[in-house]
Amino acid sequence: MSLMSEDTDPSGMRAVARPAAAAQPNRVTFNRLELNRILNLYGRMVADGEWRDYAIDFLKERAVFSVFRRASEVPIYRIEKDPRLARKQGMYSVISATGLILRRGHELERVLLVIDRKLALARRANSTL
């Protein structure tokens with residue numbers, strides 16, 4: 001037997017449950033375009049044998065894409081999105097394994113150039129040998 005009376009609207013019961021679901025902390029995520037750009041770079045680096053594994057963390061205050069040379073190591077790069085810094089230094093940053101911020105900015109494309117340029121320089125060095 002149901003505890004609802006005949007006058008109770010079932011959709012009204014769902015509306016009561018929504019605030020509890022909204023009370024869960026929001027997570028910062030990469031949108032489809034951002035993730036596509038990051039995974040495109042990741043795919044090229046895997047094809048060149050530089051990177052082997054990755055991890056994505058969607059935290060309350062930031063989203064992190066970590067890149068590993070081997071799965072058992074610390075990440076060689078972390079690509080972070082922190083919306084709290086959007087009006088200051090920019091919400092995107094690339095951080096090295098030592099914790100050094102290599103580049104920070106407002107546009108993901110420009111921030112990722114710090115990794116792309118290293119790849120381009122390595123290709124040039126190998127082609128001259």
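Every value quoted in this text rests on a predicted model; they were computed, and no experiment measured them. The basis for the numbers below is simple: all heavy atoms, side chains too, and nothing from hydrogens, waters or symmetry mates.
- Rounding to the nearest 0.5 Å places CG of Leu102 at 12.5 Å from CG of Leu113.
- Rounding to the nearest 0.5 angstrom, the gap separating the CG atom in Leu112 from the OH atom in Tyr92 is 9.5 Å.
- Using the six-membered ring where Trp is involved, Phe65 and Phe30 have ring planes that are perpendicular, over 60° apart on the 30 and 60° scheme.
- The same ILVMFWY cluster, assembled from side-chain heavy atoms under 4.5 Å apart, contains both Met91 and Phe58.
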Determine, step by step, whether Glu50 and Ile76 satisfy the side chain to side chain contact (heavy atoms under 4.5 Å, CB included) criterion, reporting the C-alpha distance in whole Å, the side-chain angles of both residues, the deciding distance to 0.1 Å, and the verdict.
-> CA-CA 10 Å; Glu50 295 291 321; Ile76 54 175; over 6 Å; no
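- The nearest pair of heavy atoms linking Ser93 to Ile101 is CB-CG2, 4.4 Å.
- Among all heavy-atom pairs drawn from Ser66 and Pro75, the shortest one is CB-CB, 3.8 Å.
- Cluster membership check: Met45 shares its hydrophobic cluster with Ile38, using side-chain heavy-atom separations under 4.5 Å among Ile, Leu, Val, Met, Phe, Trp and Tyr.
- A distance of 9.5 Å separates CD of Gln89 from CG of Asp82, quoted to the nearest 0.5 Å.
- The distance from atom CD of Glu34 to atom CD of Glu107, rounded to the nearest 0.5 Å, is 12.0 Å.
- With rounding to the nearest 0.5 Å, the separation of CD in Glu61 from CD in Glu80 is 11.0 Å.
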List the steps, then state whether side chain to side chain contact (heavy atoms under 4.5 Å, CB included) holds for Arg27 with Lys60.
-> CA-CA 5 Å; Arg27 303 276 185 226; Lys60 184 176 180 179; 3.9 Å; yes
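- In summary, Asp116 and Arg103 do not engage in a salt bridge, as defined by a charged side-chain N under 4.0 Å from a carboxylate O.
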Chi angles and distances behind the side chain to side chain contact (heavy atoms under 4.5 Å, CB included) call for Leu41, Trp51 | CA-CA 10 Å; Leu41 172 63; Trp51 297 351; 4.1 Å; yes
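- Connection of Ile79 to Leu59 is not established within any shared hydrophobic cluster, with ILVMFWY side chains joined at heavy-atom distances below 4.5 Å, either directly or through further cluster members.
- Both Tyr77 and Leu35 are members of a single hydrophobic cluster when ILVMFWY side chains are connected at heavy-atom separations under 4.5 Å.
- The CG atom of Asp57 lies 8.5 Å from the CZ atom of Arg62; values are rounded to the nearest 0.5 Å.
- Hydrophobic clustering keeps Leu108 apart from Val28 (ILVMFWY residues linked when any side-chain heavy atoms are closer than 4.5 Å, directly or through intermediates).
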